[in-house]
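Residue numbers run from 1 in the order of the sequence given.
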Amino acid sequence: MGRHAPLNPNTTGPKRNGQDSPAQISPAGLVWIAPDTPLDALYLHLPFCFHKCHYCDFYSVVEAVSALDDGQRDFTDALIAEITCRSKQAPPSHAGLKTLFAGGGTPTYLRPALWQRLLRALTDTGWLGPGTAEFTVEANPETVTLELMQRLVAGGVNRVSIGAQSFDRDALKALERWHDPDSVPRAVRACRNAGITNLSLDLIFAIPGQTLEMLDRDLDALLALEPTHLSTYGLTYEPNTPLTAKLRVGQVQRAEEDLERQMYELVLTKLEAAGFEHYEISNWAKAGPTDHRCQHNLAYWHNRDWLGVGPSAASHVQGHRWRNAPNLTRYIQDAPTPPIIDHEVLPPPARFGELLMLGLRLREGIDHDWFSHHPQCKPYQRETAQELTDLGLLGVTDGRLQLTRKGLFVGDAVIAKLM
């Protein structure tokens with residue numbers, strides 16, 4: 001779960017203070033935002049999980065169902081308090097924000113009655129309004145019920161992202177995913193019966209022990225559910241996760257590089273043939289008259305302004321980045337102004353690099369003239385871009401500098417060379 005979570009800053013950069021700063025640290029630790037700040041998106045982090053998947057590095061709190069009553073209620077109270085505080089500080093327009101996204105954790109682990117309270121608060125504060133085009137909730141298939149989906153739809157949710165990851169029991173076991181493959185189609189049916197037509201499914205490949213044939217079957221099962229959006233990720237071994245610890249001591253074997261390349265090629269070929277638009281390195285939207293790209297994630301990739309609420313949620317407002325501390329106890333105790341960490345203001349060279357990195361992840365790429373004439377673009381970056389173009393890893397189409405199909409297979413390395 002949670003692979004749609006916003007980018008989190010890793011370092012604390014220089015802080016800008018003074019009257020001209022659109023966001024400043026208050027004595028209580030809250031970053032104050034100017035009332036006229038045109039926020040585009042809201043991210044809500046709901047940290048509860050009934051099990052921690054071994055590859056996941058997002059902040060979550062594992063709670064047994066019997067222990068959830070007070071914890072979920074207290075968390076919901078604190079989350080609503082933060083939302084209310086933020087809405088008074090920077091009132092949204094009458095139409096509400098363009099997009100909202102609830103990630104985690106497992107957002108669908110929150111009890112339906114508490115979800116109802118949360119949705120009412122989002123509406124009452126104006127964050128959720130008639131102009132909100134997309135409200136996504138991430139879901140674990142085992143926690144999707146018709147009752148919950150009906151409450152979400154009644155409260156304004158119109159998009160659900162389900163973490164399928166695989167339909168093979170051995171692959172799920174390797175990931176320590178505690179769901180039955182049959183629960184994925186059940187969850188999809190529950191969503192559709194409640195009125196959700198915009199459905200995204202997540203799939204992971206290059207899982208230890210996974211073969212090309214296993215991935216092919218996974219893709220067939222995925223496409224049979226007729227989603228409108230797909231996210232397909234090569235498994236990454238994040239620091240400080242149980243999966244990486246297993247890799248370190250030889251309990252699991254990383255997929256060979258050549259096999260992972262073949263798997264990515266299979267994903268590209270099969271999803272293109274099924275009528276999906278590959279609009280970002282790992283993301284696909286069903287082609288047609290309706291735009292099924294994830295509008296919330298596009299706000300991240302286009303580096304627009306968004307606000308994050310909940311423990312560990314990251315925010316980006318007019319060049320300022322910060323993150324709520326990843327501590328549920330402190331989040332509840334300090335409501336409505338949770339402690340923040342990693343506040344930074346990126347200097348111009350870093351902002352240029354970030355725009356470059358994010359833009360090249362998108363298949364549309366970046367404006368070539370913007371790149372080559374940008375005051376922060378260094379001569380070595382122009383030279384490197386030309387070298388990568390000569391190697392066939394980058395190309396220019398209709399004035400846009402983009403990763404080529406060949407470049408997609410080494411996209412991270414291509415982008416890193418330009419930074």
Side-chain angles (χ1 to χ4, degrees), residues 1-4 49-58 60 104 106 108-109 138-144 160-192 199-238 241-247 249-274 276 278 281-284 286 409:
M1 298 294 296
R3 285 188 174 270
H4 297 286
C49 279
F50 60 88
H51 169 71
K52 182 79 169 181
C53 301
H54 280 201
Y55 60 89
C56 179
D57 69 335
F58 293 100
S60 61
T106 305
T108 46
Y109 200 36
E138 285 189 331
N140 183 299
E142 295 286 358
T143 60
V144 171
V160 173
S161 178
I162 299 174
Q165 315 310 4
S166 177
F167 294 84
D168 184 275
R169 295 179 191 277
D170 289 338
L172 291 171
K173 185 177 180 180
L175 296 172
E176 283 288 327
R177 286 284 297 177
W178 282 14
H179 76 255
D180 188 299
D182 293 337
S183 66
V184 179
R186 284 199 302 269
V188 168
R189 285 195 298 272
C191 290
R192 289 196 170 120
L199 274 170
S200 180
L201 295 174
D202 285 6
L203 190 76
I204 295 177
F205 61 90
I207 300 167
Q210 187 182 39
T211 65
L212 203 59
E213 291 73 22
M214 290 166 65
L215 175 60
D216 195 35
R217 290 195 295 271
D218 273 354
L219 290 168
D220 284 340
L222 205 68
L223 292 170
L225 297 174
E226 300 182 331
T228 53
H229 185 277
L230 295 169
S231 296
T232 57
Y233 304 99
L235 180 63
T236 55
Y237 293 81
E238 302 290 351
T241 61
L243 184 64
T244 299
K246 288 181 178 180
L247 180 70
V249 298
Q251 292 181 358
V252 298
Q253 298 296 320
R254 188 193 299 265
E256 293 183 1
E257 186 175 330
D258 186 57
L259 175 59
E260 185 166 0
R261 181 184 179 87
Q262 291 178 52
M263 288 181 167
Y264 190 47
E265 179 69 53
L266 177 62
V267 170
L268 291 173
T269 302
K270 198 143 190 169
L271 297 190
E272 285 170 355
F276 280 82
H278 190 199
I281 287 179
S282 301
N283 286 273
W284 302 76
K286 187 68 177 177
F409 292 91

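Between M214 and A171 the shortest heavy-atom distance is CE-CB, 4.4 Å. Here the closest heavy-atom approach between residue D168 and residue D218 is recorded as N-OD1, 3.7 Å. The shortest non-hydrogen separation linking I204 to L175 is CD1-CD1, 4.3 Å. Nearest approach of F205 to L215, heavy atoms of both residues: CB-CD1, 3.8 Å. Shortest non-hydrogen contact noted between L230 and P227 is CD2-CG, 3.5 Å. The two residues A274 and K286 make their nearest non-hydrogen contact at O-NZ, 2.8 Å.
A donor-acceptor distance shorter than 3.5 angstrom exists from the side chain of Q210 to the backbone of A206, with no hydrogens or angles considered. Looking at R177, its side chain never comes within 3.5 Å of a backbone N or O of S166 through a donor-acceptor pair. Within the 3.5 Å criterion, the main-chain N or O of S231 finds no donor-acceptor partner in the side chain of S282. Remark: side-chain polar atoms of T236 are not paired, donor with acceptor, to backbone N or O of E238 under 3.5 angstrom.
Atoms OG and CG, from S161 and L199 in turn, are 9.0 Å apart once rounded to the nearest 0.5 Å. Between atom OG1 of residue T232 and atom CG of residue D202 there is a gap of 9.0 Å, rounded to the nearest 0.5 Å. One finds the NZ atom of K246 at 4.5 Å from the CD atom of E176 (value rounded to the nearest 0.5 Å). To the nearest 0.5 Å, atoms CD (E213) and CG (L266) are separated by 9.5 Å. A distance of 11.5 Å separates CD1 of I281 from OH of Y233, quoted to the nearest 0.5 Å. Atoms CD1 and CD, from I162 and E142 in turn, are 11.5 Å apart once rounded to the nearest 0.5 Å.
Around CD of E272, the count of heavy atoms belonging to other residues, nucleotides or ligands within 6.0 Å exceeds 12.
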Verify side-chain contact (heavy atoms from CB on, under 4.5 Å) between T143 and H179, making sure each step is shown before the conclusion.
CA-CA 9 Å; T143 60; H179 76 255; over 6 Å; no
side-chain contact (heavy atoms from CB on, under 4.5 Å), that's the test. Do M263 and V267 meet it? Break it down for me.
CA-CA 6 Å; M263 288 181 167; V267 170; 5.6 Å; no
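With a 4.5 Å cut-off on side-chain heavy atoms, S200 and N283 do not count as touching.
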Result block: side-chain N/O donor-acceptor pairs under 3.5 angstrom for residues 180-189, not counting sequence neighbours:
{"from": "D180", "atom 1": "OD1", "to": "D182", "atom 2": "N", "distance (Å)": "2.7"}
{"from": "D180", "atom 1": "OD2", "to": "R169", "atom 2": "NH1", "distance (Å)": "3.2"}
{"from": "S183", "atom 1": "OG", "to": "D180", "atom 2": "O", "distance (Å)": "2.6"}

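Relative orientation of the Y264 and F409 rings is perpendicular, given thresholds of 30° and 60° on the angle between their planes. Classified by interplanar angle (parallel below 30°, tilted 30° to 60°, perpendicular above 60°), the ring pair W284/H278 is parallel.
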